[in-house]
Structures are given as C-alpha cells and as structure tokens.
Amino acid sequence: MLWTPPTNPAAARHGAAPADLAAASAVVDVGADAGATSRPLRILLLAHAFNSLTQRLHVALRAAGHQVSVELDIADAVTEEAVALADPDVLIAPFLKRRIPEAVWRQRVCLVVHPGPPGDRGPSALDWALLRQRPPPVAGPVAAAPDRPLGPDMAAPLSWGVTVLQATADFDAGRVWAWQAFAVRPEATKASLYRHEVVQAATRATLAALQRWRPGSLAPAALARPLAEPAQRTGWQPLVTRAMRQIDWARCTADTVLRLVRSADGAPGAAAQLLGQPVRLFDAQAATMAECAAARGAAAGSVLARRGPALLLRCADGPAGPGAVWIGQVRRDSAAAAASASTVAPLKLAATLAFAAEAAALPEWPVPLMRQAAAAATPQGGDLAGGAGAWDELHYSEFGPPRARVGWLEFNFHNGAMGERACRRLVEALRWARGRDTQVLVLAGGADFFSNGIHLHEIEHAASVAGDSAAEASLRAIEAIDDVALEILTLTDRLSVAALRGNAGAGGCFLALAADRVWAHEGVVLNPHYKNMGNLYGSEYWTYTLPRRIGAEAARALMQGRLPLGAAQAAAQGLIDDCFGADREAFEPQLAAAALALAGAPDWPARVQAKQAERAADEARRPLAAYRADELAQMRRNFFGFDPSYHVARHHFVHRKPHAWTPRHLATHRR
Ligand code: COA
C-alpha cells in the first residue's frame, strides 16, 4: 500500500485533502526564515504549451504582484536566450516535456511543478494515481502487464499531491520547496483532475515556494520547522504504456474499462478495437443496471446503441451482472494510422461521428432532459426510459418553491467543444426549459469547461468528408452556436445566470455573456478573445454583449490583449458579475443558494420588467440580427478569404503541433 486511504471517503469525494496529508503538506504560510524576501519577483514561466496550469499561474502570479513573462520550450538555445533577455529571479516550469538546460538551472533558481507528492517521480504521475485507485476487480490487462504489475498490494492512493521542486540533472529529483496534498475524486478523468485539483494545489504550492526565495541564492530559505513529507514514497514510476491500457472487451469489466479510459483521458486514450478498427477511447461513462441488463446476450465488444455523441459497448460481466459502457469520444489509433496508407491524421471525435455510418444504423436510446428521481429507476427498465443515473451530456433539474423556482441546465459537452449537433441539442433544451415555470434559469455548462466555443475537431474532420469543407463547416458551426446565444439573449420572461464551474474560452466565454448574470469561482480562467485562433473575428453576438458590459475601449483592449483572465479580475473589471468560492466544490452550493435568492427576490418582477424594457430599447436601437450579420460577414472572410491564418491555426491546434515560437503577447521579454 502506497498511501493510507483517507478515513472519510465522503471528504475525499468532495475534494478536501485528507487530514494526514494536509497536515504534512506545506501550503502558503511556509514560515520561511528572515533570509526570505516578499518583494515582487521577475518570473519566467517556461512551458511546453500555454496550457491550463500555465495560464492559471500566469493569472495568480500577476495578481500577487510579480512580473511574469512566458517562454514556450522549443530548444535549449532558445530557452537560454530567453533567460538572458528576461533575467528572471525565478524560472518556473509548470508543464515541460524536456529537461531544463543545465546552463540555466546551475545559474538560476528553476522550480519544476510535478503532479505527484514528494518522492514521486516519472512522466505518468497522474495516470498511476488513477490506475491504482482501486485494485482491478478481475485480472485484466493492467494486472497482466509485464513491466508494472498492479495488484491489491498497490491499491488505492485516494490522496495525491503536487510538488514544487528545484530542477537538477535528474527528473523530479531536486530539493522540495513546497508541496500540497489533494484528494483524488474517484470518478475523475486524468484531465479533469489536472484542471481542477492539480491546478489548484500547484498554484498554492508555487506561491508558497516563492516565499522561500532569497536574493542571490540558489537555495531556499530555511523553514521554521522542517517540511513534512509523506511517510511512503512511490519513487520513479515508468511511463504507462499502451499495452498496460489495452482493452480486451471479453476480459475487462465495466469498472476496469472506466478506470483504464479515465486514467488516459485526455491523452493518450486507452487502446481498443471498435467496430473492427484500432482506436483510442475517451470519455467513458457508466451504463445503468437496466442498460447493462439489455446488453445481456450480446457479444463482447459489440455496439448496442447510441446516445448523443456516445456508443454503448458490451464488455465483460462484473459481479453485478452483464457489463456495458458508453464511449463518448474516439480517435483512430495513431500507430495503426501511421502503419496504414492513410494520409488523414487521426482526430479525437464523437464516437457517433467517427463511425457515422455504423452509428446511424444503431437504435437510439434517448433519455429525458429532466430525468426521474433515482428511486423511480428500476433495474427492469426504468433507467432505459431515463432514470436519474442515466448518462447524457445534457441534464436539467429544478429546485425551489413555486414562484421562486430555479431551473438548472447542465451541458457537459466533451472539452467544452460545441459542434452543430451539440448546439442543436442545446437550443432544443433551452426551448424546452423555457416552457417550465421557473423564475431563474442557471446555465451550468460543463463540470470541466463552461464552453470553449465551436468544435474545431469536427470542423477539421469536415475537410476530409467528400462534398464538405472546413470553411463550410466553420460557418455552419458558428450559425449553430449563434442560435444558442440568441435563445439566451431572448429569454426575457425570467432571469438567466451563466455559472462558470470550469474555464471558458473564445466563443464559450461570449456565450456566457449572453446571460443576465455571469458568476464564477476563483479557480476559473477565462480567455475572452478569439485572435489566438488565427485572427478569428468572433461571433456569438460579442459585439453587442461585450461593450455593453465593459465599454468599447476596454472591449478593444481585452480582444487585442489575448491574455487569460482570472475570474476575480474579470469581476473587478465588470466582465462578469460575481466571483465566489475558492473552487468548484465551494462554488456549487453557494451558486444554488444565490440562484434561489435571485428567484425569490422581492424585486424579481421589477428586474424582469427592466430587462424586457432594456432588450426592447436595444432592439429598437440596433436589432440583434444586425450584430449577427456584421459578425458573420467578418467571419466569412476568416473562413473563405485569402488569408488562411484561421485554417492554419486550427490545423495546428487540433493536431497538437508543437510551437515554433512564443507569441509576443506572452513573451514580454522579447518585445
Ligand atoms: N474545439 C475542439 N476541441 C477543443 C476546443 C474547441 N473549441 N477547445 C479545446 N478543445 C480541446 C483541446 O483539443 C484539448 O483536447 P484533448 O482532450 O485532446 O487534450 C482539450 O479540449 C483541452 O484543451 P487545451 O487547449 O489543452 O486546454 P487549456 O485549458 O490548456 O486551454 C483554451 C483552453 C480555451 C485556451 C484552448 O483550449 C483554446 O484556445 N481552445 C480553442 C478556443 C477557440 O478558438 N474556439 C473557437 C472559436 S469560438
């Protein structure tokens, strides 16, 4: 056993660090000795990509008063040049795939963020944390993997951590400056754990580590009391290989499939055969007992039904009976694609799109938007008809007394990407929700992302479909997301709240601004701009909603600045209305209470009246259709014009092409 599991699993589920590890980890108040400094520092962030953690640190370090610049890790000589130009007090590496050059770490304080507790080392830290959460229920391929067998003795690290350590010649082996524990959510994917718990813990540990910086020294200030470290150490853990996560439908129970896929989601996915093709699987969701029972008699690996983006696959029987799982996203296996003559690079796509012809022939098992209470679902078929436990990307619920009632609409589109299919479903859901007797509609988006705008992978895919093109697909996608924004803007008989439980980017940010109120928690990072995607002009009625909130001048600066914005800053600037709660767990109950208060406020009728009057006045001044037409005219130039920047940027983004240079708006040391 590597870690002592937390004594309170409920606390673990809700993100609280187990008491023993929380006590051991060093957070913001590190009690550094008198040699430490609290002056603002010059910080260079060195990262493989400007990813979610790097963005969050960019936001948090600037908010703490530090001067921050970014260099993307391209080559040793380029990094050395950047260090010479930036002359940083500290170099921080939140996300690297290569070593920091020795010439740099020998001269400067270089702090590496490792997503594991002290003593953990290696490139697959989070994968291992999730794979070992519980012992495999049956001997599956993970247990059989020759190079790293898993067994009950290695089970269950329900708590994990993030360490900030000094760069040395060896990976993850330097001196620990600070670390922070967190509890592993049992059903989280690797990417979700990274975006929430890791980002949160890393931000706290990095701020703590900086308190130990001393002018002119490579060593940290000593602590008033020594940094406690976990009693058990994992040591070096190898890369989790493809073979360790190969899914054999006949041998893997649903529990094993879910665990293997989640440990590899967002990358590289778990390897499997699907409809005769070698693929990588993502976005695996549990099937209900009724759905599993309906799969009885089907052959292992066969596909039984479709719902939204997902296909239902039969897997091995578990202790409770027949097994089945929903698979939402797939990518053709890169290794298999490379071995074939195909020139089309594999993309992560909805399973129903990647296997469109086969999916069309399958029965659809839809579930109602507002699913029944759990008690009403029966193993005999209640869940097939839509029990509360039935998975779908859309879900609606209601709470509150009559005349102070809140509707709560979640749209968990994978990665916050909204293609035509997703937008059409959301428009239908909004129209349905409109018919409900509620005073407030909360648009709760997805748990990981509120939204990231149009689905760029689907658009890229259209380029390889006969008779279609990326330009045409882009236009269709923008029209579809504009329809969603229009539904929200014209919902004038009640108040709407966009609740950002996760980050929002580009069109997804502006979709949120279509609501009357925009609320977020302190961990949310917004990217309220489009230009990073090949100078895209943008739509979603942003030319109406953004200046209305912050004025024309600030709107221009925000769009040109192309920087991530923390929710607290966004609230201070008036871009959003409020920011409360340290993270999603703290935010959700406060959000529900605030929505209830809004729905039951004595001045609710006056607020709705004022909203209707404002909308009518705005419409008379300039119709929404005119904003949309002007935005789309600009977008047509992006899609169909002579400048291919958007198509090039999208291609690079969806294929994860490494950066060749650091954009100047990030690399302030290069201006
Ligand atoms: N369409 C399709 N996939 C998208 C997406 C979009 N609009 N936005 C993000 N994703 C996917 C990424 O490909 C990635 O996939 P993975 O599961 O294979 O890793 C995943 O979502 C996470 O994105 P990533 O870029 O790693 O997240 P981040 O937190 O580091 O950065 C953003 C967030 C929003 C800054 C960045 O994802 C982005 O620029 N997205 C594009 C936004 C955009 O231009 N939309 C179109 C105009 S409306």
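Numbering starts at 1 and runs along the sequence shown. We count ligands from 1, going down the list as the structure has it; atoms in each ligand are counted the same way. What you see is a predicted model; the values in this text were computed from it and never measured.
Side chains of Gln200 and Arg56: a donor on one and an acceptor on the other come within 3.5 Å. Checked by atom type, the side-chain pair Ser496/Asp516 shows a donor-acceptor distance below 3.5 Å. Looking at Gln329 and Asn415, their side chains never bring a donor and an acceptor atom within 3.5 Å of each other. Counted by atom type alone, Arg670 and Thr662 present zero donor-acceptor pairs between their side chains at under 3.5 Å. A side-chain donor-acceptor contact under 3.5 Å links Asp482 and Ser539. A side-chain donor-acceptor contact under 3.5 Å links His196 and Asp448.
Nearest protein heavy-atom neighbour of atom 6 (C) of ligand 1: Ile454 O, 3.5 Å. Summary of contacts: the protein heavy atom closest to atom 34 (C) of ligand 1 is Asn452 OD1, 3.3 Å. In terms of protein heavy atoms, atom 29 (O) of ligand 1 is closest to Ser52 CB, 3.3 Å. Nearest protein heavy-atom neighbour of atom 31 (O) of ligand 1: Gln55 NE2, 3.8 Å. Among protein heavy atoms, the minimum distance from atom 37 (O) of ligand 1 is reached at Phe653 CZ, 3.6 Å. Here the protein heavy atom with the shortest distance to atom 48 (S) of ligand 1 is Gly507 N, 3.3 Å. Regarding atom 43 (C) of ligand 1, its nearest protein heavy-atom neighbour is Ala506 CB, 3.5 Å. For atom 15 (O) of ligand 1, the closest non-hydrogen atom of the protein is Asn415 ND2, 3.3 Å.
Contacts between Met533 and ligand 1 below 4.0 angstrom, taking non-hydrogen atoms only, involve the side chain exclusively. At a heavy-atom cutoff of 4.0 Å, ligand 1 is contacted by the side chain of Arg195 but not by its backbone. At a heavy-atom cutoff of 4.0 Å, ligand 1 is contacted by both the backbone and the side chain of Asn51.
Checking Lys348, Met418, His655 against atom 18 (O) of ligand 1, the nearest heavy atom belongs to Lys348.
For ligand 1, the atoms sitting less than 4.0 Å from at least one non-hydrogen atom of Ala417 are 1 (N), 2 (C), 3 (N), 6 (C), numbered in the order shown with element in parentheses. Listed by number with element, the atoms of ligand 1 under 4.0 angstrom from any heavy atom of Asn527 are 35 (C). Listed by number with element, the atoms of ligand 1 under 4.0 angstrom from any heavy atom of His457 are 2 (C), 3 (N), 13 (O). Taking every heavy atom of Leu536 and a limit of under 4.0 angstrom, the matching atoms of ligand 1 come to 47 (C).
Using a 4.0 angstrom heavy-atom cutoff, Asn503 does not count as in contact with ligand 1. Ligand 1 has Arg656 within reach: a non-hydrogen atom of the residue lies less than 4.0 Å from it. Ligand 1 has no atom lying under 4.0 Å from any heavy atom of Asn532. At a 4.0 Å cut-off, not a single heavy atom of Arg650 sits close enough to ligand 1 to count as contact.
Side-chain N or O atoms of Thr203 include none that pairs as donor or acceptor with a backbone N or O of Leu57 at under 3.5 Å.
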request  = Decide side chain to side chain contact (heavy atoms under 4.5 Å, CB included) for Phe411 and Glu393; before the verdict, give the C-alpha distance in whole Å, the side-chain angles of both, and the deciding distance to 0.1 Å.
outcome  = CA-CA 6 Å; Phe411 39 101; Glu393 55 193 354; over 6 Å; no
request  = Might you work through the salt bridge (Lys or Arg N to Asp or Glu O under 4.0 Å) test for Arg421 and Glu458, ending with a clear yes or no?
outcome  = CA-CA 10 Å; Arg421 183 196 58 77; Glu458 286 189 15; 5.3 Å; no
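Checked against the 6.0 Å centroid threshold, Phe50 and His58 count as a close aromatic pair. Checked against the 6.0 Å centroid criterion, the rings of Phe639 and Tyr646 qualify as a close aromatic pair.
The side-chain contact (heavy atoms from CB on, under 4.5 Å) test with Leu53 singles out one residue from Val199, Val525, Thr206, and that residue is Val199.
Ring-plane geometry between Phe510 and Tyr530 is classed as parallel, the angle between the planes falling under 30 degrees on a 0 to 90 degree scale with a further cut at 60.
In this structure, atom 46 (C) of ligand 1 has protein heavy atoms in its sub-4.0 angstrom surroundings.
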